[in-house]
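Here is the structure we will look at, set down as structure tokens.
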Amino acid sequence: MRVNKKILITVCLLSGIILLASMTLIRQQTPAQSQQPQQFPKYVNLKVLPKKITHEQLGVVMGHWASALGVKCNFCHYMNPDTRKMEYPNDSKPEKLMARKMYLMATKINKKFFKGEKDSVGMAALVKVNCYTCHHGVAKLDNATWPKQGGPGGQRGPGGPGGPGGPQGTTGGSSSPDKKP
């Protein structure tokens, strides 16, 4: 049996239009949440995140941070050993204080270097710095991610990249910002 291509294309396009129209009608029939003012929970001790943040938005942000560092909530948040419940407003863990500093650092970098401008081709620049940019799922960078002195090839030798007699800073490996080469 041979299928006429024009009929097949027409049927597919009409099916798509009907599907989109039905989705629009279904969305309009659901309770109008947009007519009610959005309720923001009163979170305590938000210092770098917006005060008007929904529970869902906060969950997304925390999920991204946890995923980027490969950790769970108790990495930054204090768990009361008596009640076995998380005390989210508690600032006693240094990891939580560092997370705030790192968030402010990433925000500052993004404002300074990635202002939502267009790239040279005229496309929206999607490059931004976030936790995953450096962490790649590892909470403590000094333990796993900084290359050893000399980069992937091991220790620098005489005449090698970045070594004596070789080009300085062109192909040599990078080192941790805390260490001097």
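Listed by chain and residue number, nothing satisfies the side-chain hydrogen bond (donor to acceptor under 3.5 Å, both in side chains) test with D82 (two or more places apart in sequence, or in another chain). Under the ring-ring contact (aromatic ring centres under 6.0 Å, His included) criterion, Y132 pairs with H136, not counting sequence neighbours. Qualifying side-chain hydrogen bond (donor to acceptor under 3.5 Å, both in side chains) partners for T133, counting only residues two or more places apart in sequence or in other chains: N130. The side-chain hydrogen bond (donor to acceptor under 3.5 Å, both in side chains) search around E95 returns none, not counting sequence neighbours. The side-chain contact (heavy atoms from CB on, under 4.5 Å) test applied to Y88 returns H77, M86, not counting sequence neighbours.
Here the CD atom belonging to E87 is positioned 10.5 Å from the CE atom belonging to M79, to the nearest 0.5 angstrom. Distance check: L49 CG to Q57 CD gives 10.0 Å after rounding to the nearest 0.5 Å. Taken from CE in M98 to CE in M105, the straight-line distance is 9.5 Å, to the nearest 0.5 Å.
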Can you give each donor-acceptor pair under 3.5 Å made by side-chain atoms of residues 58-65, sequence neighbours left out, with the distance rounded to 0.1 Å?
none

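In terms of heavy-atom proximity, K47 sits nearest to N45 at CE-OD1, 2.8 Å. Considering every non-hydrogen atom in both H135 and A68, the closest pair reads CB-O, 3.4 Å. Nearest approach of I53 to Y43, heavy atoms of both residues: O-CE1, 3.7 Å. Of all the heavy atoms in C134 and L141, the pair that sits closest is O-CD2, 3.4 Å.
Within 6.0 Å of NZ in K51 there are more than 12 heavy atoms belonging to other residues, nucleotides or ligands.
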Would C76 and V71 count as a side chain to side chain contact (heavy atoms under 4.5 Å, CB included) here? Give the steps. CA-CA 9 Å; C76 293; V71 297; 5.6 Å; no
